[in-house]
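All chains are named by letter (A, B, ...) in the order of the sequence lines, taking the proteins before the strands, and each is independently numbered beginning at 1. Computed from a predicted model, the values in this text were never measured in an experiment.
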2 protein chains.
Amino acid sequence: MSDRKEFRDLATPAAAREAIDSLDLSPEPEAVPLEDARGRVLAERIDAAIDVPGFDRASMDGYAVRARDTFGADEADPAELDLVGAVHAGAAPDVTVDAGTCAEISTGAVMPDGADAVVMVERTDEVGAGGDTDRIAVRTAVAPGDHVMSAGADIAAGARALGPGTRLTPREIGLLSALGVDEVPVVGTPRVGIVSTGDELVRPGEALDPSRGEIYDVNSTTIAAGVEEAGGEPVLYPHAGDDYDEMERLLRRAADECDLVLSSGSTSASAVDVIYRVIEERGDLLLHGVAVKPGKPMLIGRLDRRDDVDAPGSSAYVGLPGYPVSALTIFRTFVAPAIREAAGRPEPATAAVDGEMAVAERYGEGRMRLMPVGLLDPDDGGLPLVYPVDKGSGATTSLVEADGVVAVDPDTEYLDRDERVSVQLFSPDVRPPTLLGVGEDDPALNRLLDRLERPRYLPVGSREGHRRLRDGVPDVAVVAGPTDRDVEAVDLGGWSREWGVVVPEGNPDGVTDLADLVDGDIRFVNRSTDSGLRRSLDDALADLAADRDESRRDLTDRIDGYDLTVRAFESPARTVLAGDAGAGLGLRETAERLGCGFVSLGEQPVVVRAASDRADRAAVEELAAALEDLGDAGSGLGEGDGILADLPGYSRNSRNDP
Amino acid sequence: MSDRKEFRDLATPAAAREAIDSLDLSPEPEAVPLEDARGRVLAERIDAAIDVPGFDRASMDGYAVRARDTFGADEADPAELDLVGAVHAGAAPDVTVDAGTCAEISTGAVMPDGADAVVMVERTDEVGAGGDTDRIAVRTAVAPGDHVMSAGADIAAGARALGPGTRLTPREIGLLSALGVDEVPVVGTPRVGIVSTGDELVRPGEALDPSRGEIYDVNSTTIAAGVEEAGGEPVLYPHAGDDYDEMERLLRRAADECDLVLSSGSTSASAVDVIYRVIEERGDLLLHGVAVKPGKPMLIGRLDRRDDVDAPGSSAYVGLPGYPVSALTIFRTFVAPAIREAAGRPEPATAAVDGEMAVAERYGEGRMRLMPVGLLDPDDGGLPLVYPVDKGSGATTSLVEADGVVAVDPDTEYLDRDERVSVQLFSPDVRPPTLLGVGEDDPALNRLLDRLERPRYLPVGSREGHRRLRDGVPDVAVVAGPTDRDVEAVDLGGWSREWGVVVPEGNPDGVTDLADLVDGDIRFVNRSTDSGLRRSLDDALADLAADRDESRRDLTDRIDGYDLTVRAFESPARTVLAGDAGAGLGLRETAERLGCGFVSLGEQPVVVRAASDRADRAAVEELAAALEDLGDAGSGLGEGDGILADLPGYSRNSRNDP
């Protein structure tokens, strides 16, 4: 047993790789039917067991002859041969070509006994009139083998056809077919058990009880998909709590059944501690903690199998961090390569791309950092732009914002803007978005985005969106309501939307205007200050305060819930719908769609603004073109399928400044 | 019905693409379980149906409070609150935080009613001695929402989560999990029927009768694998002969069941003609013949479905050429893009690579040429070398020699050496070989190649190998027997092998030397002049002729079968084994392995020679290193696992010139 004290100093990333390399997770080779062999890797060399073709095959239409009978023949002095029969493709010859004779033959047919060459039909004449030809004049000399593809000429029995380690793509499947191989010896698929820990985790599809703090299990499915992509077979095990006996039972079952066991899901220190104890007592702990952000809680070791299983011994074990992006980062960096290696798969050519930092990034913790980054595909053929995402928030959305990781050396404290970096993609199928937008969340915008190819949009709110546009990463910001115009940008177009107070159906409290919120006893749900809706609300409150000769603060202090804010545009309405509030800041569109009442407080413009230096990018121009084609519910001028057509409270209000 | 005359002029490749684009092969969208969704493409936008997290969640260990109760608190003047209980992660809170109270809370736990912020434990003190703390001193002011991740802060209900057309990689699977989605609406998988034509075709795994001219069906399995790779579901139909009624029945059944029907396999004009008639009479022929080599026999059209099927109307139809490389070329160029489009898949990033012609190539047929090429991966970071393969031979082996095609414009009559070309790979999984070797076929060489990473070896014989080495494409040539030394090259090493005459077991004809073949009445099987074995035989015959004061021709004329040659090193021995000949040119190794008798005629060197300008390539150096480690059966000096260890008649004879 190791002493836990050994692990006080974190291992280097190189030591972690070494520890994983020392684990054996290679499965036994297996035989699969040819139709399932695509993408697999040959476990051994395949030599041809048969000749291809399996017979001497005519490669021209003409006459099968003995070459010697044509020696000396030419145009002036043809050789005349007796015609003794005919051979067609797909049939066994029923003639023999003796000296002085020949047989008609078609392409692909089997050469008859006695014949050793074919004379093309163009170099022959039928001798004698009528259909009853029985002699053929050959006007050329041929050598033995002429126009004959001899048995084995394509592939000869005994020849090396495919080497071990060959990835089977369609063409290799074709070659195996030609050889008649219908069962292919391939490298086995490593079985990878995934044990997710944490009482609060619920499998997707099952009922969730948020009041108990339950959340859906993200890591198990993410890692399972990653295992599959790397060439392994994922096996999901039921969730384990922090109980030692349960955890031990589960980990040992997974070890019995798998080549590699991964645990993931819980960020709780006690769960990690329990796993640590199980590995120490029922296996062999090689490494605890790696000097890489986010690898601190990583465990590497072996788990003993029971003695009575098919393959006793031990399975490999790796413990992953709990946050989704961290788990995927550590999986991609340390575990996926080991699975690929065991599955005989090469690293995909698209596993990494070079890019250029869009912003500077400072970091100085003195350990290697696996920095999650987003990418933006330039359409000028240049390198993709790279920007850091997920500063340790553990947010699930970062999963989709991050395209991969940049490994930043412990000695590198600063990455400059424009610095070239290599990005290890989270999947070889990841394609950087063609457009990066940030800003207000809006239903019309959602529809607009559906019309573009591979856009990425981060609903960070109008204010934050404007700020990010200024910092130079996104192409466009979507800004709703009154905005500061201090960001240099190009307005691409926009629309306007009706905002106000969402109330329960039938408006039971009789809300008619903003004053009712200030003066009445209504529980209100506000939006955060990043939201353009909030900005419009605050401006309206300022106007009301001025009318009353009070300060805005005087008014907001009297609104119950003014300070409790939510981020998403639907959340206040949903809170009202759930009966947890009497009024919420929101859109007419949301109120009508959810079947709530609505008190209109005005219209606000939503404007799409492009960074000045990005306005001529193809993706931005595509967005601008889509903005020209919005349709308009209010004016009746729009087309039926315009995106504004059935959105209540929306109207076209392009390029109108607030 | 179209008139066949319309098609006398071949269509342009652009018109062929247009015709295929006009066909509808898109399947209906479908819903798949989350665990099967990886790699699929979203059919519609996914908006979040729930908030993530679904509850206000403490993001620190500490105390849940009403923020107002802390206003004004600081180190000098803490606020004291009554402790009313505790809330842990994964459990429903059973306390309410009223004014002047607080509750202990842990990270991830649900915020209790009444509380709107968390104070970090580090900024608090327990008031009162002993364990019975019932008051907490808060040494800081917090604002509403501090250290609380509010419901929906990660993903808000109603927010746009993933857009239509999104390829689902592990991270998107993770996001869907977080949203509790367990069934995913994805673009359907186009069903592609493959009808192979030709009476002579046999499915791999079934018995083959070469005497009837049967060959294994290569195209069906190759194209099926290609369909799968492009995102379609291949459906193989039984082989059809050239009979109209059978063909019609089969094609209509495939049309009823599939989105696209492909026919392939036969090179016979009559089969193509029958299909042509079926399409004309039971569908709609759009195009017959494309001005592209090898696209001449290509057909594009529609096949009517019966009226009583689920989805009446018609299926798309494309007829592919018969030769395997041609079929795969046309499939990859015209059909795979249409399948990918229907499946919603982007073209893989590795679908094409740039390369540099290794040799000049002249072509002038005035139509576009899809030239099959092989690639060689340079290890210097430069472009891969590109060389033409398969000059229309229809050989199956070309499938594995060709990595992709270069589309050569009709106006381009000449491609220069070093000219840059774009290669459309036959599969995104194709990886160019790291080493290209040509020359003699040899069992020791086969084992040696197994030790290298991704070698490609073409067993073209010693003479042809030497010729190709001189022409500058391969890295190495393997030359057996006496050779001309006029090719500038570096000898990397080699071995020697015992050659002679393979005879039936027990040597029934009592063959003892070469004279017995000349003077006796024994049917002999020779090797082609490309083979190093043949060269050694001819030298031995020349010596015998000199001894007898005759010409070599005098002797060879008397050997029955001297002129009938086979390409592969095992074929003469297999002919002897089959009882079809009394003697064959071959190796002691082959004779002993197949259980034949053997009459030794000498030893010949096998030398591995590298092109002078390639000798320092990493792959060539790796080969040279492997040659140092051959082992040696004869001398006893070799290691047990050396590749010569159990090869009869082999010995180490490195760098010995003949």
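A distance of 11.0 Å separates CG in A:L179 from CG in B:L208, rounded to the nearest 0.5 Å. The distance from the OG1 atom of A:T169 to the CG atom of B:L399 is 9.0 Å, given to the nearest 0.5 Å. Here the straight-line distance linking atom CG of A:D429 with atom CD of B:E172 works out to 9.5 Å at 0.5 Å rounding. Separation of atoms CZ (A:R68) and CG (B:D563) is listed at 7.0 Å; rounding is to 0.5 Å.
Ranking A:V218, A:V227, A:I223, A:T590 against chain B, the residue ahead of the rest is A:V218, based on heavy-atom pairs under 4.5 Å. With respect to chain A, the highest number of heavy-atom pairs below 4.5 Å among B:R212, B:E206, B:E44 belongs to B:R212. By number of non-hydrogen pairs under 4.5 angstrom with chain B, the leading residue of A:G163, A:P33, A:A153 is A:A153. Ranked by non-hydrogen atom pairs under 4.5 Å with chain B, the options A:P164, A:P144, A:G152, A:G54 are led by A:P164. Chosen from A:R203, A:H88, A:E214, A:E229, the residue pairing most often with chain B at heavy-atom distances under 4.5 Å is A:E229. When B:E347, B:R454, B:R593 are compared by the number of non-hydrogen pairs under 4.5 Å with chain A, B:E347 comes out ahead. Contact count against chain B (heavy-atom pairs under 4.5 Å) is highest for A:V430 among A:V181, A:D441, A:I155, A:V430. Across B:G180, B:G108, B:G226, the residue that shares the most heavy-atom pairs under 4.5 angstrom with chain A is B:G180. Chain A forms the most heavy-atom pairs under 4.5 Å with one residue out of B:R447, B:E453, B:E570, and that residue is B:E570. Put simply, of B:G145, B:A156, B:S220, B:P170, the one with the most heavy-atom pairs under 4.5 Å next to chain A is B:P170. The candidate with the highest count of non-hydrogen atom pairs below 4.5 Å against chain B, out of A:A573, A:A159, A:A178, is A:A178.
B:L162 touches chain A through its side chain: at least one heavy atom from C-beta onward sits under 4.5 Å away, while N, CA, C and O do not. With a 4.5 Å cut-off on non-hydrogen atoms, B:L34 touches chain A through its side chain but not through its backbone. For B:E35, the part lying near chain A is the backbone, with the side chain staying farther off; criterion is any non-hydrogen pair under 4.5 Å. Residue B:A109 does not touch chain A at all, counting heavy-atom pairs closer than 4.5 Å. Only the side chain of B:I50 comes within less than 4.5 Å of a heavy atom of chain A; its backbone N, CA, C and O stay farther away. For B:S427, the part lying near chain A is the side chain, with the backbone staying farther off; criterion is any non-hydrogen pair under 4.5 Å. Only the side chain of B:D51 comes within less than 4.5 Å of a heavy atom in chain A; its backbone stays farther off. In this structure, the portion of B:A402 lying under 4.5 Å from any heavy atom of chain A is its backbone and not its side chain. Heavy atoms closer than 4.5 Å to chain A are found nowhere in B:A224, neither backbone nor side chain.
The shortest non-hydrogen separation linking A:I173 to B:A225 is CG1-CB, 4.1 Å. What you find for B:A157 and A:R574 is that their closest heavy atoms are CB-NE, 3.4 Å. Contact between A:P348 and B:R431 at its shortest, heavy atoms only, is C-NH2, 3.3 Å. Residues A:S211 and B:V110 share a closest heavy-atom pair of O-CG2, 3.6 Å.
Counting heavy atoms from C-beta on, the side chains of B:L176 and A:P204 never come closer than 4.5 Å.
Take B:L445 and apply the side-chain contact (heavy atoms from CB on, under 4.5 Å) test, not counting sequence neighbours, and it matches B:D442, B:L448, B:L449, B:Y457, B:V478, B:W495. Every residue meeting the side-chain contact (heavy atoms from CB on, under 4.5 Å) condition with B:R456, not counting sequence neighbours, appears here in chain and number order: A:R171, B:Y387, B:E401, B:D403, B:P433, B:L436, B:L458.
Checked for salt-bridge contact, A:R160 and B:D450 meet the test: a charged N lies under 4.0 Å from a carboxylate O.
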